[in-house]
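So the structure is just underneath, and the comments pick up after that.
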Amino acid sequence: MVFSSFTFLFLFLPLAVLCTLPWKKTWIRNAVLCAFSLFFYAWGEPVYILLMLMSIGLNYEAGLAMERWPGRKKLILVLTLMVNLGAIGYFKYADFLLTSVGALIGRKLPLANVALPIGISFYTFQILSYVIDVYRGKHPAQRNLLSLATYISMFPQLVAGPIVWYGTVAKDLADRKVTLTGFADGLCRCLFGLGKKVLIANQMALAADSVFGAARPVSGAVYWLGALCYTLQIYFDFSGYSDMAIGMGKMFGFSFPENFRYPYIAGSVTDFWRRWHISLSGWFREYVYIPLGGNRCGIPRQILNMCIVWLLTGLWHGASWNFVLWGAYYGLLLILEKHVLSGLLDKTPKFLRHCITLLLVIVGWVIFRVENAGQVFSVLYSMFTFSPGDTGAWLAENADALSPLWMLIPGIIGCFPLKEVLARRFGTAGWFTPVRYLLAFCVWMLSVAMLLGESYNPFIYFRF
Amino acid sequence: MMKHGRIYAGLFVALFAVSVLLGVCSAFLDRRKSSVLENRTLAPFPAAETDAFLSGVFQDQLEEALGDHLTGSEEIRSLVRGVQASALHAGQNILYTLNPSLRSGYIQLSEGYYAYNGDDHRIVERPEEKPFPEEQLAAFAERLKQTGLPVTLYFIQNSRSVDFDRPGHGDNICNRILSAFEGAGLTPAACGEFSLTDYGDYCKWFYQTDHHWNNRGSYRGYREIVELMGKGEPLPVGAEIAFPFVFNGSYARQTNRLCADEPFRVYSFDLPKYTVTMNGKRGKYGRMDAYLKGRYEAEPLTNHYANCYGGEYGEIVYDFGTEGKGTLLMIASSYSNPINALIASHFDRTVVVDPRYWEFWAEKPFDPAETASVCGADTILLLGDIRLFTTDLIGEGGAD
């Protein structure tokens, strides 16, 4: 069930709110929320609900066992990591591995052909944060199975993040309050998120898909247009979904971390990754980069650590060579930025830095979007050699690409922190809050209208 | 301020709750089965069954039903499409202002389907740039030549062969067919063309959302064929009947864009008595009589062209029980369906072969010489659009 579906918006969410919030006791709220979350998961993957339940049970026992036998907690951690990573490895990477090995040895190996459980990459990382933190003694193991099940399966962030570390919501799981203004603010954020997804991302998807899905190669300029549209699509799609998750979390009394902070105004690639999918980059920093030694070692080791982190980041996004390439691309850029170009970057005018960063990010999204590693280079070659083509004629003939282009304007404006500027300037004015609510309601109505009128409603991060 | 904040929050939440409640109630209380505005059946709410849930079918059907039954869903859909069409036209105008040489009437609606000149009531195709199968067509002509019978060729221009942006563009196709035939040593006894002057002319003879010619187009074709073959006067039209439903043709079904306002029209004729055998079985071809008595499918996406005029068969034999008018072997695509009987009325016996469906019925490839000999044909007519000549006759055709 995607957040931008009628079933979710008109049935599931209202029912979940109505059944959860009237209870005063937190454990009952947790129980109801957990039941709804499991139903939410079963809606999309009825069979894999067993996998989810097994995962909850195993990690619950693992947490308790680490406290019960402190001398063996390393062994317990290793075993738990092996099982969790083994599951994600099997479901997500088995076929990729078999195909790659087959290509290497020149034989076609039989594939596992298993469907990817929805959100496995997200909830596995949440589980790992829990068991690692219990191992590190950062917080005690959760003794209440229901609380842990609620944390792991919570539907707002179950399928597309943000990746909520256990420590962030541990207190909320034990005791939380929902106020009317908090609920309204959460709802408001959720509706704006829906608008980002439906009004902008879906439109940009139409244009981007007609460029990258064209039967014949198109001209360089058309690829640039497609790349720009995809750049906006992926941002509004994913950040819209994150906004909905954070807003819904607030409606149920949870404080989820921010996942995006206007990444396209970043002044460097390092800055971009501090603003894009913050919960994922934070997770890799905390649980991979720092344990590997982080910055506290020599430069060659630092470079190796970065290579490992970015290889894993690429693979986390998908089992395909273009994602590995995409991870390697960012790894290389970050290594260059940190160890070679840092002095030069400081001297570069701010505006130019922004432009270069944006250009590098757009190229990164092309690698991410094209999906066929072999094709990536021909598309990039076409883009950078400005291969001649009938750009205008192509646009004139492709309604799917032309009509959504109007949404480039609000899309580009939406990449800037206009909301924050307005909040700073007028946040204390009496009219600001009602106008914000009214605007959110208009966005809700427009989004429903667009969902009714358009059947195209893809969701990029759903497959992770 | 704090107090006001709570009031605003309460109002906002209440407003949202009312909108959701209205939506849900209207959806579940809605008893409509079809949409008048969109002219289609609405998705029904599914029954809750375990198997359907486990396979995900229940989830998909519920989503579809909710979308169809929400308050004002039809009006909203229509409004959204209108806004999108305006956005498209505005975008095109900017593009044409920036580069006038780009000005084209075609705008793609979906892969292979276009609107022309901003006419969003009508869906058209566009000629594909692909090599003309001269050699394969010549090979077919060789087999046709073996019959030793006079051959009449009638080529139908339509949006698959005429580029409306380039006047005269489709004119050479008939010549290329002729040259392929003549290359094989077969000179047709007569050759005619259902020609189109421009888009306006096309609109006159073809359906808004179907690839076939309409009743006026097919009657014009019939008259021209009869004249071409020198078979006397064409049968006069009895009356034109417009059925009280909108006709959604193949383009509407393939693009999911429904026709706005074109009723299904037919001509009635006073035909002499005849018998029909379809794939070896006696029966009635088409359901024109039932239609004229008001008995037809009410489903919006019904294929009225096939239902009313008749569907596809490998072989249809018309026997008028007369003598002295000869036997015709007509090799044709579905364009002939409305005029099969009309043409056949000028002969004693007519055998209509659709090469796409012949092999399925006869269980052997279509051989014009063998068929002509078996049915005792005196003359042969080839009737169809570009697909007949570039795919169907050379064994590459499929359902159309």
Side-chain angles (χ1 to χ4, degrees), chain A residues 1-2 5-11 13-14 17-18 42-47 179-185 187-188 191 203 210 215 251 390-393 395-407 428 430 433-434 436-438 440-441 444-446 448-455, chain B residues 1-2 4-13 15-17 19-21 23-24 27 53-56 59 62-67 70 72-74 76-81 83-92 95-96 98-99 101-104 106-111 114-115 126 256:
Chain A
M1 197 186 313
V2 290
S5 65
F6 295 117
T7 314
F8 181 82
L9 295 168
F10 284 92
L11 292 178
L13 183 61
V17 168
L18 281 177
W43 190 265
E45 298 278 5
V47 180
T179 62
L180 180 61
T181 46
F183 182 86
D185 283 346
L187 178 63
C188 186
L191 298 184
Q203 294 301 302
S210 52
M251 286 161 72
D390 48 355
T391 309
L395 262 181
E397 283 180 14
N398 283 275
D400 278 352
L402 185 60
S403 62
L405 289 185
W406 293 105
M407 292 312 283
T428 51
T433 304
R436 193 163 57 95
Y437 287 153
L438 199 65
F441 188 74
W444 155 246
M445 297 307 276
L446 278 174
V448 172
M450 281 304 282
L451 284 173
L452 281 170
E454 278 278 359
S455 55
Chain B
M1 181 62 204
M2 192 66 189
H4 279 146
R6 283 176 59 84
I7 293 169
Y8 294 142
L11 282 172
F12 170 57
V13 173
L15 192 63
F16 176 75
S19 70
V20 169
L21 201 67
V24 174
F53 183 81
L54 288 176
S55 62
Q59 291 89 317
L62 179 67
E63 179 68 14
E64 216 179 315
L66 273 172
L70 278 176
S73 56
E74 291 172 283
I76 292 169
R77 270 197 195 108
S78 160
L79 186 75
V80 169
R81 282 176 194 160
V83 171
Q84 282 169 335
S86 307
L88 188 61
H89 292 151
Q92 272 185 304
L95 216 55
Y96 297 155
L98 292 172
N99 187 351
S101 71
L102 289 176
R103 194 165 284 279
S104 160
Y106 287 97
I107 183 82
Q108 189 164 304
L109 300 171
S110 64
E111 191 70 37
Y114 301 81
R126 196 174 186 179
N256 206 21

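Atoms considered below: every heavy atom in the structure, side chains included; atoms not considered: hydrogens, waters and symmetry mates. Proteins come first, then strands; the chains are lettered A, B, ... in the order of their sequence lines, and each starts at number 1.
B:Tyr96 touches chain A through its side chain: at least one heavy atom from C-beta onward sits under 4.5 Å away, while N, CA, C and O do not. Heavy atoms closer than 4.5 Å to chain B are found nowhere in A:Leu13, neither backbone nor side chain. For chain B, the nearby part of A:Trp406 is the side chain; its heavy atoms alone come within less than 4.5 Å. Residue contact with chain A, scored on non-hydrogen atoms closer than 4.5 Å, involves the backbone and the side chain of B:Phe16 alike.
Here the OG1 atom belonging to A:Thr7 is positioned 10.5 Å from the CD atom belonging to B:Glu64, to the nearest 0.5 angstrom. Here the CG atom belonging to A:Leu451 is positioned 10.5 Å from the CD1 atom belonging to B:Ile76, to the nearest 0.5 angstrom. Atom CG of residue A:Leu9 and atom CG of residue B:Leu66 lie 10.0 Å apart, to the nearest 0.5 angstrom. Taken from CZ in B:Arg6 to OG1 in A:Thr433, the straight-line distance is 14.0 Å, to the nearest 0.5 Å.
Here the closest heavy-atom approach between residue A:Pro46 and residue B:Gln59 is recorded as CG-NE2, 4.3 Å.
Contact tally against chain B (heavy-atom pairs below 4.5 Å) for A:Phe183, A:Phe8, A:Tyr437: the top residue is A:Tyr437. For chain B, the option among A:Asp185, A:Leu191, A:Leu438, A:Val17 with the highest count of heavy-atom pairs below 4.5 Å is A:Leu191. Of the listed residues B:Ala27, B:Ala65, B:Gly23, B:Ser19, the one with more heavy-atom pairs under 4.5 angstrom with chain A than any other is B:Ser19. The candidate from B:Leu62, B:Leu54, B:Val20, B:Leu98 with the greatest count of non-hydrogen atom pairs under 4.5 Å with chain A is B:Val20.
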List the steps and the verdict of side-chain contact (heavy atoms from CB on, under 4.5 Å) for A:Phe10 and B:Leu70. CA-CA 10 Å; A:Phe10 284 92; B:Leu70 278 176; 3.9 Å; yes
Stepwise side-chain contact (heavy atoms from CB on, under 4.5 Å) check, B:Phe12 with A:Leu187: CA-CA 9 Å; B:Phe12 170 57; A:Leu187 178 63; 3.8 Å; yes
